[in-house]
**Q** 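Dropping a structure here in C-alpha cells format, bear with me for questions.
Every value quoted in this text rests on a predicted model; they were computed, and no experiment measured them. Residue numbers count from 1 along this sequence.
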Amino acid sequence: MEIFIVGVIIILLFNYLGTFNFNKFVDDNKVLFSKLKEDDYDFLLVSRYGEKVDVNQMYQKRVKTAIITFLLGLILAITSVQSLNFAIKLVLVFVASYLMFKSDYNKVKNFYKVHLHDINLKLPYYLKSLEILIQHYTVPVAITRSLETAPEMFKPGLRDLIASIDAGDSTIEPYMAFARRYPVRDSMRMMRLLYRLSLGSQERKQEQLIVFSRTISNLQNKSRETKYKERLEKMEKKTMTMLTSTGAGVMVILVLAIFQMFVSA
C-alpha cells in the first residue's frame with residue numbers, strides 16, 4: 001500500500017511539473033483517441049447540456065479519467081501481494097479503465113433514453129406549429145421561422161436541416177437525417193410527408209397540407225392518450241401506496257393491541 005501511495009504521488013508530481021502532462025498527452029494523440037468516440041456522443045451531450053457544451057473538452061476529460069485509472073490500476077497490480085496472476089490483474093486494469101471511459105457516455109445515453117419519451121410527446125406539437133407556418137410560407141422558410149420557438153431539444157437538428165437545405169440539398173436526406181436524430185414515434189413518416197409537401201406545386205399544396213394536418217392531429221391524440229394514461233397510472237400508484245401504508249399501520253396497531261392484552265392478562 002505504501003508503494004501504491006508513493007506511485008500516486010509521483011504521477012501527480014510529474015503532471016504538476018509538466019514531465020508528463022495529461023492534457024498535452026491527450027491533445028497530442030486526439031486523432032487516435034477520437035477513433036474511440038461513439039458516433040452519437042456529440043448528439044447525446046448536446047441533448048443533455050445544450051448547444052453551449054464543449055464536446056471536445058468533455059471527451060478529453062473521459063480519456064484523462066481512463067488514463068489515470070489505468071496508471072493507478074497498473075501501480076496497484078504491480079505492488080499488490082495478492083496471489084492473482086499478473087496477466088489477470090492486467091486484464092482487470094483494462095476492464096476498469098474501459099468502464100471508467102464508458103461511464104460518462106452511459107450517463108448521457110441513459111439521460112437521453114429517459115427524455116426520449118418527452119421528445120416523443122413534444123414532436124406533434126412542434127409539427128402543429130410548423131403546419132400553421134406552412135400555410136403562409138414554403139416549407140424551408142417555415143422551418144427557418146419555426147426555429148426560434150421550437151423546443152430546445154429540436155434546435156440542433158433543425159439547424160442542421162436548415163443548413164443542408166440552404167446549401168442546395170433538395171433531396172429527402174436532410175429530412176431523414178432529422179428523423180434519425182430524433183428516432184421517436186412516426187418521425188420518419190412525418191418527415192417524408194414534410195419533404196413531399198416541400199416538393200408539391202402550389203395547386204396541390206392545400207391537398208397535401210390536409211393530409212399532413214390530419215396525421216399531426218392523430219399524433220396529438222396519441223400524445224394526449226399517453227399523458228392521460230401516465231396520469232392514471234401515477235394516481236393508481238399513489239392510491240396503492242396509501243392503501244398499503246394504511247393497511248400496514250392498522251396491522252401494527254392490532255399487533256400492539258393484542259400484545260397489550262396478553263401483558264395485561
**Q** Roughly how far, to the nearest 0.5 Å, is CZ of Arg145 from OG1 of Thr138?
**A**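 Reported value, rounded in 0.5 Å steps: 10.0 Å.
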
**Q** How far apart are the C-alpha atoms of Met190 and Ile216, what are their side-chain angles, what is the distance that settles it, and do they pass the side-chain contact (heavy atoms from CB on, under 4.5 Å) test?
**A** CA-CA 8 Å; Met190 293 307 300; Ile216 293 173; 3.5 Å; yes

**Q** Could you tell me which non-hydrogen atom of Ala66 sits nearest to which non-hydrogen atom of Phe101, and how far apart they are?
**A**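 Answer, listing the atom of Ala66 first, then Phe101: CB-CB, 3.8 Å.
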
**Q** Between Arg180 and Glu173, does at least one N-O distance fall below 4.0 Å, as a salt bridge requires?
**A**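 Yes, Arg180 and Glu173 are salt-bridged.
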
**Q** Taking only residues two or more places apart in sequence or in another chain, which ones pass salt bridge (Lys or Arg N to Asp or Glu O under 4.0 Å) with Lys107?
**A**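 Lys107 satisfies salt bridge (Lys or Arg N to Asp or Glu O under 4.0 Å) with no residue once adjacent residues are dropped.
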
**Q** May I ask you to say whether Lys102 pairs ionically with Glu38, meaning some side-chain N is under 4.0 Å from a carboxylate O?
**A**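 Looking at Lys102 and Glu38, the cut-off is met.
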
**Q** Do you know which two heavy atoms are closest between Leu194 and Phe212, and how far apart they sit?
**A**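 Taking Leu194 first and Phe212 second, the nearest heavy atoms are CD1-CZ, 3.8 Å.
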
**Q** Strictly below 4.0 Å, N to O, side chains only: are Asp42 and Lys37 in salt-bridge contact?
**A**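 Yes, charged N to carboxylate O under 4.0 Å.
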
**Q** Would you give the length of the straight line joining atom CE of Met251 to atom OG1 of Thr246, rounded to the nearest 0.5 angstrom?
**A**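 These two atoms lie 13.5 Å from each other.
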
**Q** Measuring from Gln135:CD to Leu130:CG, what's the distance to the nearest 0.5 Å?
**A**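 The CG atom of Leu130 is 10.5 Å from CD of Gln135, to the nearest 0.5 Å.
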
**Q** Within a reach of under 6.0 Å around CZ of Arg181, are more than 12 heavy atoms found that belong to other residues, nucleotides or ligands?
**A**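 Count over threshold, so yes.
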
**Q** Tell me, please, which residues at least two apart from Tyr105 pass side chain to side chain donor-acceptor pair (under 3.5 Å).
**A**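 Here the qualifying residues are Asp40.
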
**Q** Running the 4.5 Å side-chain criterion over Ile, Leu, Val, Met, Phe, Trp and Tyr, what cluster does Tyr137 land in, apart from itself?
**A**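 Members other than Tyr137 - counting any ILVMFWY side chain reachable under 4.5 Å - are Leu133, Val141.
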
**Q** Can you sort out the partners of Asn110 under side chain to side chain donor-acceptor pair (under 3.5 Å), two or more places apart, ordered by chain and number?
**A**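 Side chain to side chain donor-acceptor pair (under 3.5 Å) list for Asn110, sorted by chain: empty.
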
**Q** What's the spacing between Ser187 OG and Ile119 CD1 if we round to 0.5 Å?
**A**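 Going from OG on Ser187 over to CD1 on Ile119, the span is 10.0 Å.
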
**Q** For Tyr182, what residues pass the ring pair (Phe, Tyr, Trp, His ring centres under 6.0 Å) criterion, not counting sequence neighbours?
**A**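 For Tyr182 the ring pair (Phe, Tyr, Trp, His ring centres under 6.0 Å) partners, ignoring immediate neighbours, are Phe43, Phe154, Phe178.
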
**Q** How are the rings of Phe70 and Phe94 set relative to one another: parallel (under 30°), tilted (30 to 60°) or perpendicular (over 60°)?
**A**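 Phe70 and Phe94: tilted rings.
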
**Q** Closest approach of Ser213 and Lys128, non-hydrogen atoms and distance?
**A**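 For Ser213 and Lys128, the tightest heavy-atom pair comes out as OG-NZ, 3.8 Å.
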
**Q** For the pair Asp104 and Tyr41, evaluate side chain to side chain donor-acceptor pair (under 3.5 Å) and give the outcome as yes or no after the intermediate values.
**A** CA-CA 10 Å; Asp104 184 66; Tyr41 182 63; 2.9 Å; yes

**Q** What are the two closest heavy atoms between Thr69 and Thr65, and how far apart are they?
**A**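 Between these two residues, the closest heavy atoms are OG1-O, 2.7 Å.
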
**Q** Contact between Ile165 and Val139 at the side-chain level, heavy atoms closer than 4.5 Å - yes or no?
**A**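 Not in contact.
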
**Q** Going hydrophobic residue to hydrophobic residue with side-chain gaps under 4.5 angstrom, can you get from Val63 over to Leu99?
**A**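 Shared cluster, no.
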
**Q** Do Leu209 and Ile132 land in one hydrophobic cluster if side-chain heavy atoms of ILVMFWY residues count as linked below 4.5 Å?
**A**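 Shared cluster, no.
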
**Q** Listed by chain and number, what are the side chain to side chain donor-acceptor pair (under 3.5 Å) partners of Ser146, not counting sequence neighbours?
**A**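 Expected list: Tyr126.
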
**Q** Are the side chains of Val93 and Tyr98 in touch, meaning some heavy atoms are under 4.5 Å apart?
**A**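 Not touching, per the 4.5 Å side-chain cut-off.
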
**Q** Would you check if Pro151 and Tyr125 make a side-chain contact, meaning some heavy-atom pair closer than 4.5 Å?
**A**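 Not in contact.
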
**Q** Under a 4.5 Å cut-off applied to non-hydrogen side-chain atoms, are Leu161 and Met191 in contact?
**A**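 The answer is yes, as the side chains (C-beta and beyond) meet within the 4.5 Å cut-off.
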
**Q** Please report the interatomic distance CG(Leu147) to CD1(Ile162), rounded to the nearest 0.5 Å.
**A**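 It is 4.5 Å, given to the nearest 0.5 Å.
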
**Q** Once you round to the nearest 0.5 Å, how far does CD of Glu131 lie from CG of Leu197?
**A**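 So the CD of Glu131 and the CG of Leu197 are separated by 9.5 Å.
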
**Q** Main chain of Asp54, side chain of Tyr59: is a donor-acceptor contact present, judged purely on distance under 3.5 Å?
**A**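 No; judged by distance alone, with no hydrogens or angles, the pair does not exist.
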
**Q** Assigning hydrophobic clusters by single linkage (Ile, Leu, Val, Met, Phe, Trp, Tyr; side-chain heavy-atom cutoff under 4.5 Å), is Phe111 placed with Val53?
**A**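 Phe111 does not cluster with Val53.
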
**Q** Please answer: with hydrophobic residues joined when any side-chain heavy atoms are less than 4.5 Å apart, are Leu36 and Met100 in the same cluster?
**A**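 Result: no, two separate clusters.
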
**Q** If I compare all heavy atoms of Ile134 with all of Ala142, which pair ends up nearest, and what's the gap?
**A**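 For Ile134 versus Ala142, the nearest heavy atoms are CG1-CB, 3.7 Å.
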
